[in-house]
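Some notes on the structure that comes next.
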Amino acid sequence: MTNQTLLRQAVAIVGGGPSGLMLAIELGCRGVPCVLIEAQSEAPSVPKANATSSRTMEHYRRRGFAGRVRQVGMTKDHPQDVLYCTRLTGHEIARFRIPSRAQATERSDFGDYGEAAWPTPELPHRAQQMYIERILREEVSRYPSVVTRYGWQVMSVADTAEGTVVTACEVAGKSTLTINADYAVGCDGPRSLVREAMQVGYQGASQAQREFFGGQMMTFHFRSADLYQRLAQGPLQRPAWQSWIVNCEMRGILVTINGVDEFAIGIQLKPGQSADSINPDEVFRTLSGGPVFQYEMLHSGTWTAGYMLVAEAFRRGRLFIAGDAAHLFTPTGGMGYNTSVDDAVNLGWKLAAVTQGWAPDALLDSYHAERHPMAERNTRFAHRMADSIGQLVMPPELEAGTPEGEQARKTLGQTLLKHVADEFNIPGLQLGVRYASAIVAHEAGEPPLDSPNTYVASGYPGARAPHLPDQQADMPQGSSLLDLFGTGFTLLSTVELAPAAQTDWSSAAAALGVPLEKVIRTDAAVRDLYGAELVLIRPDHHIAWRGPASSGPLPVLRLVTGLFPRS
Ligand SMILES: Cc1cc2nc3c(=O)[nH]c(=O)nc-3n(C[C@H](O)[C@H](O)[C@H](O)COP(=O)(O)OP(=O)(O)OC[C@H]3O[C@@H](n4cnc5c(N)ncnc54)[C@H](O)[C@@H]3O)c2cc1C
């Protein structure tokens with residue numbers, strides 16, 4: 001047995017799921033000494049989230065691995081549609097077309113998304129979280145300032161006057177570890193030890209009851225070489241990413257994992273029904289409508305859908321929470337994992353700024369101020385979508401081969417098409433995150449609309465920096481304006497900035513120690529989109545401030561780094 005002490009870490013990250021790994025990447029790319037402790041020695045191999053949002057893909061692109069993520073998931077030409085049918089060999093009721101991996105990469109088809117609605121260099125992507133976590137682990141290993149301890153369990157976290165003390169022990173051994181870090185972040189999921197140490201509770205609702213996505217769910221993860229072949233006589237002639245089976249007997253969802261032979265099927269248990277009483281053969285036969293397929297069960301388990309919970313505080317002293325530790329959603333709309341990554345990106349640069357000495361501790365208060373409202377916003381959306389699908393009542397004649405049956409399917413199909421577009425055609429939800437905190441410049445006038453299905457590109461302070469294709473000769477094909485923005489602050493000038501003004505900004509940034517890059521793009525399209533001569537873009541690529549070229553840099557830089565935040 002050994003006792004090891006890791007001294008002088010800037011940040012201890014408890015938990016290495018998507019939020020912890022992304023936080024490690026955000027700290028690592030800025031050279032912040034940190035340690036990540038994760039109980040599982042290997043990345044998980046069970047399905048969870050399977051929808052990566054445009055914004056998450058943009059974050060991966062900023063760190064240079066969106067292309068790797070785009071390579072995993074279904075085979076490149078497999079449709080990523082959302083399908084609704086009575087049985088897998090029954091009637092197709094509705095289909096929302098989503099571009100395949102190849103189409104999304106080439107931007108050759110936008111399916112039912114509508115091209116104009118998604119001004120982003122990265123369309124959403126469908127791939128299981130387990131594949132992505134493997135990539136995230138590999139990406140973390142690229143950064144020398146990040147120490148990882150996979151297969152270690154954190155036992156305690158304490159916030160002391162001098163810093164935090166985290167103790168951990170080896171899961172498959174007896175060694176122990178003590179970490180002294182300036183800050184500790186709980187990315188440790190719903191049963192967060194760090195949240196407990198902060199004495200912070202979740203607020204909201206945990207017991208929604210619905211026909212689907214409101215109660216105890218059961219997921220079967222299996223391999224089947226002949227599923228597509230056996231069920232080819234029906235809606236699956238054109239496969240889908242999600243195939244929803246809706247009828248009066250049983251509802252379920254078939255999720256395609258690799259596009260070849262790996263799938264997950266989810267059902268909701270009836271009140272009081274135990275998982276042991278469920279026979280997967282019967283479930284699969286009922287959902288397929290008769291034909292059976294060979295399968296090898298890889299894993300099955302239960303989980304609860306219907307949470308709408310947000311922690312009351314994301315920070316207490318030197319302790320923080322992010323991801324599921326801070327909020328727990330119903331999976332509709334794919335909010336949980338994506339909101340978790342967005343938390344990490346928001347917190348990462350702020351922890352770097354404070355621990356590297358170019359911003360005061362007060363900057364860290366903006367993490368709760370900015371992310372808590374977004375957690376509430378996103379959980380409201382997930383809840384509304386879960387109600388929209390979970391409370392649908394199936395007409396008794398739905399499967400009948402009669403004119404009444406046909407009419408029932410047509411009517412239900414229209415409702416489902418509206419629902420699925422509301423749930424998945426959500427550029428506003430994914431790209432429209434806007435912060436209004438003390439470190440974002442106040443501006444008179446109406447902020448852009450925040451509506452899930454409509455994205456309004458805007459240079460309004462707090463908004464995500466909007467995308468435009470960057471066609472300058474020195475940039476590779478397919479480049480985005482976003483690719484020019486750095487890991488620190490970026491001053492985007494949409495006019496030729498006088499040398500004296502450039503020097504002023506550089507000197508002010510150097511005096512404060514703020515990392516600042518300058519980008520000049522004088523095309524009218526950029527100026528019109530960003531709405532100012534100068535725009536200051538934060539390290540998380542949200543807009544901190546905009547103004548005329550004559551603006552003095554010091555007050556602006558002080559505001560956006562929390563030195564003199566607006567009240
Ligand atoms: C069945 C299912 C389907 C889902 N579908 C979707 C979806 O379609 N879209 C979506 O966006 N989200 C979905 N989610 C939610 C998504 O999986 C989570 O929101 C996401 O994993 C949150 O990431 P996280 O890093 O915050 O937490 P987690 O992924 O839970 O990671 C927490 C990590 O902390 C580790 N840990 C915990 N305690 C300790 C400790 N004391 N010491 C060391 N390590 C510790 C755990 O081992 C774990 O690896 C789904 C979830 C489930 C269960």
Side-chain angles (χ1 to χ4, degrees), residues 12-24 35-44 46-53 55-56 82 124-130 132-133 136-137 148-157 166-171 177 179 184-197 213 216-221 241-242 253 255 257 264-268 299-305 307 309 311 321-344 347 375 378-379 381-382 385-386 423-424 429-430:
I13 304 169
V14 183
S19 56
L21 292 165
M22 194 62 191
L23 182 59
V35 56
L36 177 140
I37 312 117
E38 163 56 48
Q40 305 294 327
S41 52
E42 301 292 332
V46 295
K48 284 197 201 169
N50 52 54
T52 299
S53 74
R55 188 56 178 156
T56 302
V82 180
H125 178 52
R126 316 288 163 198
Q128 270 297 331
Q129 183 175 329
M130 55 187 175
I132 293 170
E133 283 194 41
L136 291 173
R137 282 192 181 210
T148 51
R149 288 285 182 274
Y150 297 115
W152 287 73
Q153 175 97 21
V154 170
M155 305 308 288
S156 70
V157 178
V166 175
T167 65
C169 67
E170 217 177 357
V171 173
L177 182 64
I179 299 146
V185 186
C187 299
D188 48 348
R191 292 183 193 84
S192 169
L193 183 103
V194 178
R195 197 183 62 240
E196 206 179 295
F213 278 158
Q216 202 58 10
M217 308 292 297
M218 184 157 190
T219 300
F220 304 98
H221 175 206
W241 157 57
Q242 286 191 345
I253 176 171
V255 177
I257 293 181
I265 280 185
I267 57 166
Q268 180 161 324
H299 172 259
S300 68
T302 58
W303 55 283
T304 307
Y307 291 121
L309 297 172
I321 43 175
D324 276 12
H327 39 68
L328 207 50
F329 308 159
T330 285
T332 24
M335 296 292 108
Y337 142 68
N338 293 293
T339 309
S340 301
V341 171
D342 230 8
D343 290 345
L347 184 56
N378 293 355
T379 201
F381 174 78
M385 288 302 105
E423 182 178 353
F424 287 109
L429 195 103
Q430 296 188 3

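Atoms within each ligand, like the ligands themselves, are counted from 1 in listed order. All values derive from a computational prediction rather than experimental measurement.
- Among protein heavy atoms, the minimum distance from atom 49 (O) of ligand 1 is reached at Glu38 OE1, 2.7 Å.
- Under a 3.5 Å cut-off, the side chain of Asn378 and the backbone N or O of Met335 do not form any donor-acceptor pair.
- Under the salt bridge (charged side-chain N to carboxylate O under 4.0 Å, His left out) criterion, the residue pairs touching residues 332-344 are Asp342-Arg371, Asp343-Arg371, with sequence neighbours excluded.
- Under a 4.0 angstrom heavy-atom cut-off, Phe329 registers as lying outside contact with ligand 1.
- In terms of protein heavy-atom proximity, atom 2 (C) of ligand 1 is nearest to Lys48 CA, 3.9 Å.
- In terms of polar-atom proximity, Pro18 is counted as a contact of ligand 1, with an N or O under 3.5 Å from an N or O of the ligand.
- Here is the list of ligand 1 atoms found below 4.0 Å of a heavy atom in Asn50: 7 (C), 8 (O).
- Protein heavy atom nearest atom 43 (C) of ligand 1, with residue, atom name and distance: Ala39 N, 3.4 Å.
- Aromatic ring pairs are classed by plane angle as parallel below 30°, tilted from 30° to 60° and perpendicular above 60°; the pair Phe213 and Trp303 is tilted.
- Less than 4.0 angstrom separates some heavy atom of Asn338 from each of these atoms of ligand 1: 11 (O).
- Of the protein's non-hydrogen atoms, Gly189 CA, 3.8 Å is the one closest to atom 30 (O) of ligand 1.
- The protein atom (non-hydrogen) at minimum distance from atom 32 (C) of ligand 1 is Cys187 O, 3.4 Å.
- An N or O contact shorter than 3.5 Å links Tyr337 to ligand 1 by distance.
- For the residue pair Thr379 / Tyr307, no side-chain donor-acceptor distance below 3.5 Å is found, with atom types taken as modelled.
- Looking at ligand 1, you won't find any N or O of Thr219 less than 3.5 Å from one of its N or O atoms.
- Atom 34 (O) of ligand 1 has Gly15 CA, 3.3 Å as its closest protein atom, hydrogens excluded (heavy atom only).
- Considering only non-hydrogen protein atoms, atom 37 (C) of ligand 1 sits nearest to Asp188 O, 3.3 Å.
- For the pair Ala325 and ligand 1, the shortest N or O to N or O distance does not fall below 3.5 Å.
- The shell of residues lying under 4.0 angstrom from ligand 1, judged by heavy atoms, excludes Leu193.
- At distances below 3.5 Å, at least one donor-acceptor pair connects side-chain atoms of Asp188 with backbone N or O atoms of Leu193.
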Review point. What do the steps show when you test Thr56 against Met22 for side-chain contact (heavy atoms from CB on, under 4.5 Å), and what is the final call?
Key: CA-CA 10 Å; Thr56 302; Met22 194 62 191; over 6 Å; no
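- When atom types are taken as modelled, the side chain of Arg195 and the backbone of Pro190 share a donor-acceptor pair closer than 3.5 angstrom.
- Listed by number with element, the atoms of ligand 1 under 4.0 Å from a non-hydrogen atom of Gly323 are 26 (O).
- Closest protein heavy atom to atom 41 (N) of ligand 1: Val154 O, 3.2 Å.
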Check your understanding: Going through the distances and angles, do Ser19 and Asp324 end up as a side-chain contact (heavy atoms from CB on, under 4.5 Å)?
Key -> CA-CA 8 Å; Ser19 56; Asp324 276 12; over 6 Å; no
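- Closest heavy-atom approach to atom 5 (N) of ligand 1 within the set Ser192, Ala49, Ser340: this belongs to Ala49.
- A donor-acceptor distance shorter than 3.5 angstrom exists from the side chain of Thr332 to the backbone of Ala382, with no hydrogens or angles considered.
- Of the possible polar contacts, one joining the Ser192 side chain to the Val194 backbone as a donor-acceptor pair under 3.5 Å is found.
- Considering both main-chain and side-chain atoms, Gly336 comes within under 3.5 Å of ligand 1 through a nitrogen or oxygen pair.
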Practice item. Please report the C-alpha distance between Trp241 and Val255 in whole Å, then the side-chain angles of each, then the deciding distance to 0.1 Å, and finally whether the side-chain contact (heavy atoms from CB on, under 4.5 Å) criterion is met. Key: CA-CA 6 Å; Trp241 157 57; Val255 177; 4.2 Å; yes
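- Smallest separation of non-hydrogen atoms from Cys187 and Ile13: SG-CG2, 4.0 Å.
- For atom 22 (C) of ligand 1, the nearest non-hydrogen atom from the set Ile132, Thr339, Asp324, Asp343 belongs to Asp324.
- When atom types are taken as modelled, the side chain of Glu38 and the backbone of Val14 share no donor-acceptor pair closer than 3.5 angstrom.
- Distances from atom 17 (O) of ligand 1 to the heavy atoms of Arg191, Gln129, Met217, Gln40 put Gln129 nearest.
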